[in-house]
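For this chain, numbers begin at 1 and follow the sequence in order. Predicted, not measured: the structure shown is a model, and the values here were computed from it.
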Amino acid sequence: MKKAIYLLLVILLIPMMIVGCYSKMDYQDEAMDSVTGYLGVDESALTMSTKSVSQTDMSDSHSIMAAMILKNAGQDSDLESYEKVYLTDVTLNSTGKSAKVVIIVKDGVTSTVIPANLEEQLGQQ
């Protein structure tokens with residue numbers, strides 16, 4: 001009986017984990033498209049790493065950083081007003097320098113918030 005319950009739990013959890021991973025990748029793809037378009041570079045020129053700041057286990061520093069980027073871009077800095085918030089680290093491979101962009105989901109619409117000084121932060125001037 002315990003094996004059957006364990007097997008059922010595994011079968012139910014695997015699709016949820018896969019969907020969660022794919023949705024995070026979709027957000028990162030959105031950011032990649034926005035940043036490459038903004039910088040005028042190819043995808044191979046960048047490396048990205050995305051972390052959710054919507055989760056309670058995320059550090060305060062990530063939340064504060066996301067709120068500051070949103071505020072400086074003229075967006076609502078209250079992270080609770082968004083369905084999802086992701087802080088994405090963007091590294092320009094040619095310089096090795098990195099910067100942060102924020103991905104927000106509000107009312108089902110995904111947007112990437114790019115800091116005004118992104119080119120300067122990445123050493124691309």
Side-chain angles (χ1 to χ4, degrees):
M1 181 68 174
K2 286 184 180 182
K3 286 184 181 181
I5 292 173
Y6 178 73
L7 182 61
L8 180 63
L9 285 173
V10 168
I11 290 171
L12 292 174
L13 289 176
I14 288 175
M16 288 190 291
M17 290 179 351
I18 290 172
V19 168
C21 290
Y22 280 124
S23 65
K24 185 176 177 181
M25 287 177 4
D26 289 343
Y27 297 130
Q28 188 164 315
D29 288 345
E30 157 77 25
M32 179 67 83
D33 291 344
S34 296
V35 173
T36 55
Y38 181 82
L39 294 174
V41 297
D42 197 56
E43 277 188 30
S44 62
L46 301 174
T47 304
M48 289 189 155
S49 171
T50 301
K51 294 184 182 342
S52 172
V53 292
S54 301
Q55 300 170 353
T56 56
D57 62 347
M58 190 52 62
S59 72
D60 286 340
S61 63
H62 286 107
S63 298
I64 292 168
M65 195 178 308
M68 287 176 56
I69 291 169
L70 290 168
K71 182 178 180 182
N72 290 338
Q75 301 284 334
D76 186 356
S77 62
D78 178 14
L79 302 183
E80 297 297 320
S81 68
Y82 301 102
E83 295 160 31
K84 295 182 190 236
V85 179
Y86 292 97
L87 186 64
T88 301
D89 186 58
V90 179
T91 303
L92 185 61
N93 296 331
S94 63
T95 64
K97 294 186 177 184
S98 64
K100 304 278 193 249
V101 299
V102 177
I103 305 166
I104 52 174
V105 179
K106 187 168 188 166
D107 300 327
V109 177
T110 303
S111 303
T112 303
V113 179
I114 299 173
N117 64 345
L118 181 66
E119 293 164 314
E120 181 183 327
Q121 290 181 42
L122 296 175
Q124 184 194 41
Q125 298 171 341

Going from [atom1] on [X] to [atom2] on [Y], what distance comes out if it is rounded to the nearest 0.5 angstrom?
{"X": "Lys71", "Y": "Asp76", "atom1": "NZ", "atom2": "CG", "answer": "11.5 Å"}
{"X": "Leu46", "Y": "Leu92", "atom1": "CG", "atom2": "CG", "answer": "6.0 Å"}
{"X": "Ser49", "Y": "Tyr86", "atom1": "OG", "atom2": "OH", "answer": "12.5 Å"}
{"X": "Asn117", "Y": "Leu122", "atom1": "CG", "atom2": "CG", "answer": "9.0 Å"}
{"X": "Ser81", "Y": "Ile104", "atom1": "OG", "atom2": "CD1", "answer": "8.0 Å"}
{"X": "Asp29", "Y": "Thr110", "atom1": "CG", "atom2": "OG1", "answer": "11.0 Å"}

Residue pair Val113, Val101: steps toward the side-chain contact (heavy atoms from CB on, under 4.5 Å) verdict: CA-CA 6 Å; Val113 179; Val101 299; over 6 Å; no
Heavy-atom closest contact ([X] atom, [Y] atom, distance):
{"X": "Ile69", "Y": "Pro115", "value": "CG2-CG, 4.3 Å"}
{"X": "Leu79", "Y": "Ala66", "value": "CD2-CB, 4.3 Å"}
{"X": "Ser98", "Y": "Thr91", "value": "CB-OG1, 3.4 Å"}
{"X": "Gly123", "Y": "Thr95", "value": "O-CG2, 3.9 Å"}
{"X": "Tyr82", "Y": "Leu70", "value": "CE1-CD1, 3.8 Å"}

Test item: Glu30 side-chain N/O and Ile103 main-chain N/O as donor-acceptor pair under 3.5 Å: no
With heavy-atom distances below 4.5 Å as the criterion, would you say the side chains of Asn93 and Thr47 are in contact? yes
Do Gln75 and Val102 touch side chain to side chain, with heavy atoms closer than 4.5 Å?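 Side-chain contact under 4.5 Å: no.
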Residues 88-117 vs salt bridge (charged side-chain N to carboxylate O under 4.0 Å, His left out), sequence neighbours excluded, gives Asp89-Lys100
Out of curiosity, does Met65 fall in the hydrophobic cluster containing Leu118 (side-chain heavy atoms, cut-off under 4.5 Å, transitive links)? no
Side-chain donor-acceptor contacts of residues 36-44 below 3.5 Å, not counting sequence neighbours, with atom names and distances?
| residue | atom | partner | partner atom | Å |
| --- | --- | --- | --- | --- |
| Thr36 | OG1 | Met32 | O | 2.8 |
| Thr36 | OG1 | Asp33 | O | 3.2 |
| Asp42 | OD2 | Ser44 | OG | 3.0 |

